[in-house]
Every structure is written in C-alpha cells, then in structure tokens.
A.B. asks: 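Once you've had a glance at the structure underneath, I'll fire off some questions.
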Amino acid sequence: MGIDPGLDRTGWAVVENNGAAGFVLVSCGLIHTAAGTPLPQRLSEIYDEIKKVTELFSPDDAAMEEMFFLKRALTMSHTIQTRGVIMLALHQAGLNITAYPPKRVKLTISGSGSADKKQMQRMVQLTLKLAKVLSPDDVADAAAIALCHIKSAPMLKQIKLQQQFLEKIKAAKKQQLSSLKKKPLAFK
C-alpha cells in the first residue's frame with residue numbers, strides 16, 4: 001500500500017505483484033478533508049479512512065514518501081500531523097511502514113531521480129497497464145510509492161538480515177573478548 005499524505009488530500013493505492021503477470025492496481029482513492037473543518041476533525045477523518053482501507057484490503061506493508069519541503073511552516077506542521085495519524089492507523093493494523101525520499105521513488109519508477117509529474121504518471125500508467133493516467137496527482141503518487149516499495153522491499157529485507165547477522169557476530173565477539181579478560185591466561 002502506498003500513501004501520499006496531505007491534510008487536504010491524501011492519496012492511497014493498493015498494488016500487488018503478480019509475478020510474471022506484473023503489477024496490478026487493486027484499488028486506489030483520495031481522502032479529501034474540507035478546509036474550514038477544525039484540524040482535529042480532519043485528522044480523525046484521515047485516520048478513520050486509512051483504517052477502513054487497511055481493514056478492507058489487508059495490505060502486507062505500507063510505504064509513504066518522506067517529507068522534503070520546508071517552504072511553509074503551517075503546511076509542514078499539518079503534513080507532519082497527518083503523517084502521524086496515518087502511521088498510527090498503519091501501525092495499529094500491524095503493517096511495517098517504510099518511507100522513501102521523492103528522488104528514490106522517481107528513480108525506481110522512471111529511471112530518473114528528476115522525472116517530472118507527467119513522466120511519473122505515465123510510467124505508473126505503463127507499469128500498471130492502465131487505460132489512462134491515474135488522477136488526481138495524489139493517487140498517482142501513492143501508486144508510484146507502492147510500486148517503489150514493491151520493487152525495493154526484497155533488497156531492503158536482505159540488507160536488514162545482513163545487518164542483524166553482523167550485529168550477532170559483533171555481540172558474540174564482544175562476549176568472547178569479555179570472557180577472556182575475566183579469566184587470566186595460564187602459560188605452561
């Protein structure tokens with residue numbers, strides 16, 4: 001499941017990898033909250049909708065785009081809070097959550113870290129074999145994030161397993177050195 005978080009518009013997309021058949025868009029949508037509504041109510045609406053989507057489609061994982069802007073403090077604050085309620089809903093659904101920088105999503109989907117919106121929408125359309133471009137942008141971005149995660153997750157899992165293995169070796173080595181320091185060596 002890919003999510004493009006925003007207080008006004010949060011896009012979501014559930015995508016499956018069907019092996020040789022390719023990637024399939026299971027469902028997608030937009031959560032839109034009204035501008036005049038109090039912030040807590042808007043956040044509650046987003047939380048409730050994300051919960052419904054996770055309950056309905058039971059995705060294996062969730063991915064979101066990392067924040068990358070610092071233009072407007074209020075927008076940034078609202079996006080951070082929106083991400084928080086989304087992450088809470090995903091965590092409560094038992095999902096692993098991965099965040100990807102925008103350039104990584106673009107590079108993974110289009111082959112260029114500087115691809116523009118139209119290029120990205122077209123690549124999502126081609127990858128998912130859709131008759132037309134996903135709309136609005138937030139939904140297309142969510143699908144791109146989901147595709148990025150599906151393509152990246154196996155490698156990230158291998159890296160994590162290797163890191164855990166190396167940590168175990170390091171701990172075992174530390175334990176051995178510690179036990180040698182406690183026990184004096186006897187020379188005969």
A.B. asks: What distance separates Leu88 CG from Gln92 CD, expressed to the nearest 0.5 Å?
C.D. replies: 4.0 Å
A.B. asks: So Leu39 and His78, do their side chains get closer than 4.5 Å, heavy atoms only?
C.D. replies: yes
A.B. asks: Heavy-atom distance under 4.5 Å between the side chains of Val14 and Leu56, does that happen here?
C.D. replies: no
A.B. asks: Return the minimal non-hydrogen interatomic distance between Met120 and Val105, and the atom names on each side.
C.D. replies: CE-O, 4.0 Å
A.B. asks: Rounded at 0.5 Å granularity, tell me how far CD1 in Ile3 sits from CE in Met87.
C.D. replies: 10.0 Å
A.B. asks: Quick check: closest heavy atoms across Ala89 and Ile50, and the distance to 0.1 Å?
C.D. replies: CB-CG2, 3.8 Å
A.B. asks: Between the side chains of Ser112 and Ser110, does any donor sit under 3.5 Å from an acceptor?
C.D. replies: no
A.B. asks: I'd like to check Leu7 versus Ile46 (side-chain heavy atoms, cut-off strictly below 4.5 Å). Are they in contact?
C.D. replies: yes
A.B. asks: With a 6.0 Å cut-off (strictly less than), is the heavy-atom count around CD of Gln175, excluding the residue itself, greater than 12?
C.D. replies: no
A.B. asks: Take atom CG in Asp48; do more than 12 heavy atoms of anything else shown fall under 6.0 Å from it?
C.D. replies: yes
A.B. asks: Do other residues, nucleotides or ligands put more than 12 heavy atoms under 6.0 Å from Lys103 NZ?
C.D. replies: no
A.B. asks: Can you check whether Thr108 reaches His149 side chain to side chain, under 4.5 Å on heavy atoms?
C.D. replies: no
A.B. asks: Check whether any side-chain heavy atom of Ile31 lies under 4.5 Å from a side-chain heavy atom of Arg9, and answer yes or no.
C.D. replies: no
A.B. asks: Could you tell me which non-hydrogen atom of Cys28 sits nearest to which non-hydrogen atom of Leu25, and how far apart they are?
C.D. replies: SG-CD2, 3.9 Å
A.B. asks: Do Phe57 and Glu16 come within less than 4.5 Å of each other through their side chains, counting heavy atoms only?
C.D. replies: no
A.B. asks: How many angstroms lie between CD1 in Ile145 and OG in Ser152, if you round to the nearest 0.5 Å?
C.D. replies: 12.0 Å
A.B. asks: Is any side-chain heavy atom of Val124 closer than 4.5 Å to a side-chain heavy atom of Leu134?
C.D. replies: yes
A.B. asks: Compare all side-chain heavy atoms of Phe23 with those of Ile150 and state whether any distance is below 4.5 angstrom.
C.D. replies: yes
A.B. asks: How long is the gap from OG1 on Thr79 to CD on Glu65, to the nearest 0.5 Å?
C.D. replies: 11.0 Å
A.B. asks: Just checking, any donor-acceptor pair under 3.5 angstrom between side chains of Gln119 and Arg122?
C.D. replies: no
A.B. asks: Would you compute the distance between atom OG1 of Thr54 and atom CD of Glu49 and round it to the nearest 0.5 angstrom?
C.D. replies: 11.0 Å
A.B. asks: Inspect the contact between Glu45 and Arg42 and indicate whether a charged nitrogen and a carboxylate oxygen are less than 4.0 angstrom apart.
C.D. replies: no
A.B. asks: Supply the atom-to-atom distance Gln125 CD to Met123 CE, rounded to the nearest 0.5 angstrom.
C.D. replies: 10.5 Å
A.B. asks: Using the side-chain contact (heavy atoms from CB on, under 4.5 Å) rule, pick out the option among Ile86, Leu30, Val53 that qualifies with Trp12.
C.D. replies: Val53
A.B. asks: Same hydrophobic cluster for Leu90 and Ile80, using side-chain heavy-atom links shorter than 4.5 Å among ILVMFWY?
C.D. replies: no
A.B. asks: Consider only side-chain heavy atoms of I, L, V, M, F, W and Y, link residues closer than 4.5 Å, and tell whether Ile109 and Val133 are in one cluster.
C.D. replies: no
A.B. asks: Work out which heavy atom in Ser58 is nearest to a heavy atom in Glu55; give both atom names and the distance.
C.D. replies: OG-O, 3.8 Å
A.B. asks: Decide, yes or no, whether a salt bridge links Lys106 with Asp116 under the criterion of side-chain N to carboxylate O below 4.0 Å.
C.D. replies: no
